[in-house]
Amino acid sequence: MDFITTKNNRRTMKMTKKAITLSLGLVVMGSASFAQSLADAKKALDAEQYQKAASMLKNLVNTQASKGENYYNLGEVYLRMDYVDSARAVFTKGVTADPKNSLNYIGLGEADLASNNATSAKTNFAKAVEISSKKDWIPQLYIGKAYTNAEKPDFEAALPYLQKAEELDANDKDAETFIALGDYYALQKKNSEALQNYMRAGNINETILRAPVQIGRMYKESRAFTESEQQLKEVIAKDPNYGPAYREIAELYMQWALQMATEFPAKSAQAIENYKKYIDLTDNSYESKLRYAQFLFYAKDFKTLEEVTSALAATNPNDPKALVVSRLRGYSAFENKNYPKSLEYMNDFFAKVKDQNRIVASDYLYLGKAQSQNKLDSLALINLTKAVEMDSTSVEALADVAKSFYDAKNWTKAIAAYDVVNKYNPHGKGSLYNYFYQGLASYFLYAQGYSAKTNPSKDILVKGDAALANVLKDAPTTIDVHLWRARINNLMDSDTDPKGLKLPFYQQYLDSAEVRIAKSIQPAPPVKNMVEAYNQIAGFAAYKEDKAKAKLYWDKALALDPQNATALEGIKSLTAPAPKAPVKKK
């Protein structure tokens, strides 16, 4: 599922990982009402109600402007919504407002990691440790989680901080320490260690739902679908309003559907139902609707996807994430056979792309397919080739375009397209047909030039013969391939001093054809093809003055087609004083 932007494609994982970055053990100073408000904001953040959390935290920043925790948590909201610049601005204000609080330096380090600036992140993390108490495990914990939860996790950097946090939290006061360690191990597929730490977190604080949700996620990623379902249903039973559990079980059902084709209709329906519950329980914001749109693509609900993305495009066309909306509109319109709109949306997507690294293989794939459906075959070939070069699983679409070139008798483009197809799909689905049509296209391209006396290169025939030979490697009983190899080798041979390159292939065709006839295997070989083979072998035998063999094969041709002119003339020629040169073409 790597067709959404690199960031967005991992958003679900990032949300799951990052939604545990706020410790319930934060020391909050001030009045009881302030403590409750911050606790409520963190609860909303943990439940992935980002708009609600942001609203509460903005209010706290305004009313308690000297409290660094408020800025940090607001910055975390922005990070999870992928607004890195906004997060950095809030963290910077937090440092100014509360310079002795380490949290906003950690936030700046997280923003640095999100911007691929590991050096600056290290500097900010070091500053956070410098100004914090040597007995405070929170900075160590958060830095460890920052490295773990980064787009490209740095497990080597994370571990010393997580271990130090566990050491300082000697009395196991903070369940978040063990959730962080569980995440650290789960991301590395070290499931035993992960499960142990998640269970320790649950023993410390049974009210934290993030730990059992993570256990359910871990089961899902191990494809233990039944166990994952049971685990997540238990979380929902404890708190039917905990949104992340519905998201996780929705993704479980979606993965279940994709792994087991027979389960797809039922499980994908369950997936969509639970994701809708997740949306309803969170903030129903632009961001959450966008996540829902991405999920609809996975579930192949393209009709709903086109409706949702159209609404998103109309709601906030200038949002930074409008790029993803254009992408999904193009994808869904194509799947709904709305090809002109698909091309319009995909062109809009590419026009908006500023960073080429955000383009994935499926973008070129859908652009190319939309161009093909709109009869822009040359452009389609270019973009589908790019898609296949990035991801060979896109090759089937390029094979369709190659066949369209073949059907249109555009032999040159067909051969070029099949070159790419066969390079990236030498033995995959449809490969025999791809080699076969490339072989035939090569024959027709050369024959076209030969007839027009343009002196075409015989390299064309060599490529075609090699393509047909590849068919016979996996399907040696495909008799028509022998016939086409005979025709290609006939053209490959010298006009003035032929070597009989065609002979073994015509004979192989006849041997197979005669077996099919003897055993009444259907479909029976066409008479005209067998007559062609008999005439070609007879003609070359006559050229070599082997009159007995020539007569034998011409007689066989006449047995099938008594009025065949080539065979009748051949029999007559056997009494002539000099042999005729063999006919070049059939």
Side-chain angles (χ1 to χ4, degrees), residues 1-9 290 293-310 312-314 317 319-408 410 412-414 416-425 428-430 434:
M1 299 180 183
D2 59 350
F3 50 83
I4 310 302
T5 61
T6 304
K7 283 188 175 181
N8 287 327
N9 196 31
L290 181 57
Q294 293 169 356
F295 193 81
L296 287 168
F297 185 91
Y298 303 145
K300 300 182 181 180
D301 186 350
F302 302 116
K303 183 177 183 297
T304 305
L305 176 61
E306 191 166 4
E307 294 170 357
V308 170
T309 51
S310 294
L312 283 170
D319 190 278
K321 299 182 184 67
L323 185 67
V324 181
V325 175
S326 295
R327 164 186 281 148
L328 291 175
R329 290 185 87 187
Y331 289 13
S332 59
F334 183 88
E335 296 294 347
N336 292 325
K337 303 187 185 305
N338 191 352
Y339 302 127
K341 280 295 183 184
S342 177
L343 182 58
E344 176 187 332
Y345 298 148
M346 291 311 301
N347 283 334
D348 179 59
F349 167 80
F350 276 92
K352 289 177 179 176
V353 173
K354 304 302 181 187
D355 180 1
Q356 295 299 305
N357 291 326
R358 300 193 70 181
I359 297 176
V360 295
S362 54
D363 297 331
Y364 289 117
L365 173 66
Y366 276 96
L367 175 61
K369 291 198 296 185
Q371 289 168 332
S372 177
Q373 290 294 334
N374 284 279
K375 309 302 181 185
L376 301 172
D377 289 335
S378 296
L379 291 174
L381 176 59
I382 293 170
N383 287 298
L384 289 172
T385 299
K386 290 178 181 178
V388 172
E389 288 172 346
M390 291 180 72
D391 179 3
S392 61
T393 61
S394 304
V395 75
E396 196 170 334
L398 182 57
D400 290 340
V401 170
K403 183 58 164 57
S404 72
F405 286 137
Y406 178 89
D407 292 340
N410 191 332
T412 301
K413 287 185 178 179
Y418 279 124
D419 275 342
V420 181
V421 170
N422 293 332
K423 175 182 177 181
Y424 289 95
N425 185 47
K429 180 181 177 182
N434 298 333

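Side chains included, hydrogens not; waters and symmetry mates left out as well; all remaining heavy atoms used. Residues take their numbers from the sequence shown, with the count starting at 1.
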If you look at every heavy atom in L305 and A293, which pair is closest and at what distance? CD1-O, 3.0 Å
When the side chains of residues 376-386 are checked against the rest of the protein, which donor-acceptor pairs come out under 3.5 Å, sequence neighbours left out?
unit_1: S378; atom_1: OG; unit_2: K413; atom_2: NZ; d: 2.2
unit_1: N383; atom_1: ND2; unit_2: Q371; atom_2: OE1; d: 2.9
unit_1: N383; atom_1: ND2; unit_2: L379; atom_2: O; d: 3.1
unit_1: T385; atom_1: OG1; unit_2: L381; atom_2: O; d: 2.7

For the backbone of Y339 and the side chain of S342, can you confirm whether one donor and one acceptor N or O come within less than 3.5 Å of each other? no
Nearest 0.5 Å, please: how far is CG in L365 from CE in M390? 11.0 Å
Any side-chain heavy-atom pair from T309 and S332 closer than 4.5 angstrom? yes
Which value, rounded to the nearest 0.5 Å, describes the distance between K341 atom NZ and D348 atom CG? 10.5 Å
At their closest point, which heavy atom of R358 faces which heavy atom of R327, and how far apart are they? O-NH2, 2.9 Å
Heavy-atom side-chain proximity of V325 to K321 below 4.5 angstrom: no
d(K375 NZ, Q373 CD) to nearest 0.5 Å is 7.0 Å
Is it true that, when you exclude E396 itself, more than 12 heavy atoms of the residues, nucleotides or ligands shown sit nearer than 6.0 Å to its CD? no
Report the distance from atom CD of Q294 to atom CG of L328, rounding to the nearest 0.5 Å. 6.0 Å
Solution key, residues 416-425 side-chain donor-acceptor pairs under 3.5 Å, sequence neighbours excluded:
unit_1: D419; atom_1: OD1; unit_2: Q438; atom_2: NE2; d: 2.7
unit_1: D419; atom_1: OD1; unit_2: K463; atom_2: NZ; d: 3.4
unit_1: D419; atom_1: OD2; unit_2: K463; atom_2: NZ; d: 2.9
unit_1: N422; atom_1: ND2; unit_2: Y418; atom_2: O; d: 3.2
unit_1: N422; atom_1: ND2; unit_2: Q438; atom_2: OE1; d: 2.8
unit_1: N425; atom_1: OD1; unit_2: G428; atom_2: N; d: 3.3
unit_1: N425; atom_1: ND2; unit_2: K429; atom_2: O; d: 3.2

So D363 and L367, do their side chains get closer than 4.5 Å, heavy atoms only? no
Between the side chain of D391 and the main-chain N/O of T393, is any donor-acceptor distance below 3.5 Å? yes
Mind checking the CZ-CE spacing from R329 to M346? Nearest 0.5 Å is all I need. 12.5 Å
Scan residues 356-400 for pairs that pass ring-ring contact (aromatic ring centres under 6.0 Å, His included), counting only residues two or more places apart or in two chains. Y331-Y366, F334-Y366, F350-Y364
Exam field: side chain S372 to backbone G368, donor-acceptor pair closer than 3.5 Å: no
Closest non-hydrogen atom pair, A399 against N434: CB-OD1, 3.7 Å
Output the distance between atom NZ (K354) and atom CG (L323), rounded to the nearest 0.5 Å. 10.0 Å
